[in-house]
Amino acid sequence: MKKIVFAAIVVLAAGLGAWLWLKRPEPAPLEKESQAAPASLSAKVKTGDLRVLVEASGRVVPEREVEIKCKASGEVIELPVDVSDAVKKGDLLIQLDPVDEERSVRMAEYSLSVSRAKLEQARLSLKIAKSDLETERVRAKAALKSAEAKFAEAKAKLERTLQLEARKMASAEELDSAKTDRDQAEESLEVAKASIRDLDTELVRIESSGHDVKIAEAQAKGDEIELEDARQRLEDTRVASPIDGVVVERDVQVGQIIASGVSNVGGGTSVMSLADLSRIYILVSVDESDIGRIRTGQRARITVDAHPDLTFHGEVVRVATKGANTSNVVTFEVKVEVKGANAELLKPEMTANVEIVAADKTGVLLVPITAVRQRRGERFVEVVKGDGATEQRPVVAGMNDGEMIEIESGLEEGENVLADSGGHGDRWKKSGDDARNKAREERMRMRMMRGGPH
């Protein structure tokens, strides 16, 4: 019996459900969003002012920053400056222990003294040799003349003796004596001539002594250079400031052993860094879609998180020729010089937000940026006539600030144009906005990686 009652209840419930389904109201047809066209509004062409700003972020940098390394190696014995101290060019920054270099200077001075003494000795020996040669030359010439005279006399005596002997007026002994005198005189003459030839050999020896002097001079010159090097190495133990600036980093302490930045393969020990804060700059990365608007001389507004209530003013001084590609986002480095008051409040490596005034025009024709369309590389607007009809008219558009765009030609003040109201700009505007948004996201990501504010 219970089973029959349960079955009846199930049948009644099913019938009620079917009746309610058949009596349901018909639903309204769904509209397809993709087919909904954006609404268009009429906008009047008006004369106004246009200021175009290019926003970018970057970091504060000084006029220049110099990393200080020592040419010499050794122990730091004096370190008179610390971080944030102001220094002048030539001020002592670090003093190394000079004991070894002082010893090298003394050794070089001793070597130079020895080489100079040897040079003087060689010069004196050359002078004496030249003087002796001149004396011997005079003596040899005199001896040669005497020998020639004696030979001539002995020869003449022999001839006379031969004549007398032929006439039986001289004895054989006298003839032999005359011959002997002639032979001795001839021999003396040959000896005198040999002495002259020996003087030529002595001249060669003197020329060799002249080369010895040149060698001694070269040795002395080399020792002078060695002494200069030793004195320079001693001077290198004292490191002076190359610029007027401020100490921004100090990486060593008194008692620390540092390596030379010249002779060490690894580049040596960096002891400190100096920054020239006489001029302050901001290096910002500008997206490639905006870089065409940037020129040197343009004004800029600068803000930093460290001083939220202050606005700094600057000027574009350099625009990079080549861009940098980071994660498929191309940016160009722009250098902005900070000018005016309070520039000293900006510290190197601060993150700065910069607004560059790319254009500041007054009294130009303006329309909403969404009124300008583009087709096949040409821009046009829909002009609303007096009877409500529309006309496509080509225009020459100038710069825009993201909302309004300058019309250089094609429209007159007071005319009405159609502009999209649903935020659906034409493709060239949308693509530019997308690129700028992507660049801003990339800059924010880079700032977070650098540990900057976000």
Side-chain angles (χ1 to χ4, degrees), residues 61-126 208-278 347-349:
V61 296
E63 169 74 9
R64 55 176 169 165
E65 187 170 344
V66 181
E67 182 184 16
I68 304 298
K69 291 185 177 182
C70 293
K71 292 183 179 180
S73 301
E75 179 185 354
V76 179
I77 62 173
E78 190 176 350
L79 197 60
V81 296
D82 203 349
V83 174
S84 298
D85 287 349
V87 295
K88 295 292 185 180
K89 184 176 181 180
D91 287 352
L92 178 65
L93 299 179
I94 184 172
Q95 176 67 60
L96 303 183
D97 188 352
V99 172
D100 292 340
E101 302 305 334
E102 288 173 347
R103 186 182 303 112
S104 297
V105 168
R106 290 196 297 271
M107 288 294 296
E109 290 174 342
Y110 169 75
S111 297
L112 178 59
S113 298
V114 172
S115 61
R116 283 177 174 173
K118 290 182 178 179
L119 173 60
E120 289 302 319
Q121 184 179 17
R123 286 173 176 172
L124 182 60
S125 298
L126 177 61
S208 177
S209 298
H211 291 306
D212 292 339
V213 171
K214 291 181 179 180
I215 292 173
E217 289 176 345
Q219 181 63 47
K221 190 63 177 178
D223 289 341
E224 287 177 0
I225 296 174
E226 286 291 337
L227 178 57
E228 290 176 3
D229 289 343
R231 287 173 175 170
Q232 183 60 55
R233 289 193 297 271
L234 177 60
E235 182 64 24
D236 290 341
T237 61
R238 182 186 184 276
V239 181
S241 175
I243 62 171
D244 294 345
V246 175
V247 179
V248 294
E249 291 182 9
R250 198 189 77 174
D251 303 319
V252 297
Q253 300 293 334
V254 173
Q256 183 175 342
I257 304 296
I258 65 173
S260 168
V262 176
S263 59
N264 189 275
V265 177
T269 305
S270 176
V271 296
M272 65 180 63
S273 294
L274 304 180
D276 180 1
L277 302 180
S278 59
K347 307 298 183 183
E349 298 304 322

Practice item. May I have the step-by-step check of side-chain contact (heavy atoms from CB on, under 4.5 Å) for Leu79 and Met272, ending in yes or no? Key: CA-CA 11 Å; Leu79 197 60; Met272 65 180 63; 4.0 Å; yes
What's the separation between atom [atom1] in [X] and atom [atom2] in [Y], rounded to the nearest 0.5 Å?
{"X": "Lys118", "Y": "Gln121", "atom1": "NZ", "atom2": "CD", "result": "9.0 Å"}
{"X": "Ile225", "Y": "Leu112", "atom1": "CD1", "atom2": "CG", "result": "11.0 Å"}
{"X": "Ser273", "Y": "Lys69", "atom1": "OG", "atom2": "NZ", "result": "10.0 Å"}
{"X": "Leu92", "Y": "Arg238", "atom1": "CG", "atom2": "CZ", "result": "5.0 Å"}

Do [X] and [Y] come within less than 4.5 Å of each other through their side chains, counting heavy atoms only?
{"X": "Glu249", "Y": "Glu67", "result": "no"}
{"X": "Leu119", "Y": "Val213", "result": "yes"}
{"X": "Leu274", "Y": "Val247", "result": "yes"}
{"X": "Val271", "Y": "Cys70", "result": "yes"}

Check your understanding: When you measure from the side chain of Thr237 to the backbone N and O of Leu234, does any donor-acceptor pair fall under 3.5 Å?
Key ->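 Yes, Thr237 side chain to Leu234 backbone: donor-acceptor pair under 3.5 Å.
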If every non-hydrogen atom of [X] is compared with every non-hydrogen atom of [Y], which pair is closest and at what distance?
{"X": "Val248", "Y": "Ala275", "result": "CG1-CB, 3.6 Å"}
{"X": "Val87", "Y": "Ser241", "result": "CG2-OG, 3.6 Å"}
{"X": "Ser270", "Y": "Val252", "result": "O-CG1, 4.2 Å"}

**Study point:** Listed partners of Ser113 passing side chain to side chain donor-acceptor pair (under 3.5 Å), at least two apart
**Key:**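 Testing Ser113 for side chain to side chain donor-acceptor pair (under 3.5 Å), a comparison that skips the adjacent residues, returns none.
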Exercise for review: Could I get the full list of side chain to side chain donor-acceptor pair (under 3.5 Å) partners for Glu65, not counting sequence neighbours?
Suggested key: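 By the side chain to side chain donor-acceptor pair (under 3.5 Å) rule, Glu65 matches no residue at all.
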Check your understanding: Around Glu120, counting heavy atoms of other residues, nucleotides and ligands shown, do more than 12 lie under 6.0 Å from its CD?
Key ->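 Buried by this count: over 12 neighbours within 6.0 Å.
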Exercise for review: Please check if any side-chain donor atom of Ser115 sits under 3.5 Å from a side-chain acceptor atom of Gln219, or the reverse.
Suggested key: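 Ser115 vs Gln219: no donor-acceptor pair found between side chains.
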Practice item. Determine the sole option in Glu101, Met107, Glu109 for which the side chain to side chain contact (heavy atoms under 4.5 Å, CB included) test with Val105 is passed. Key: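 Single pass found, and it is Glu109.
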Practice item. Output, in order, the C-alpha distance, side-chain angles, deciding distance and verdict of side-chain contact (heavy atoms from CB on, under 4.5 Å) for Leu96 and Val76. Key: CA-CA 5 Å; Leu96 303 183; Val76 179; 3.8 Å; yes
**Study point:** Qualifying side chain to side chain donor-acceptor pair (under 3.5 Å) pairs, either residue in residues 70-91, two or more places apart
**Key:**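 Residue pairs with at least one partner in residues 70-91: there are none.
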Exercise for review: Carefully, step by step, assess Lys221 and Glu217 under the rule side-chain contact (heavy atoms from CB on, under 4.5 Å).
Suggested key: CA-CA 6 Å; Lys221 190 63 177 178; Glu217 289 176 345; over 6 Å; no
Point to revise | side-chain contact (heavy atoms from CB on, under 4.5 Å) between Leu277 and Glu63, worked out | key: CA-CA 6 Å; Leu277 302 180; Glu63 169 74 9; over 6 Å; no
**Study point:** Salt bridge present between Asp236 and Arg233 (N-O < 4.0 angstrom)
**Key:**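 Salt bridge between Asp236 and Arg233, a charged N being under 4.0 Å from a carboxylate O: no.
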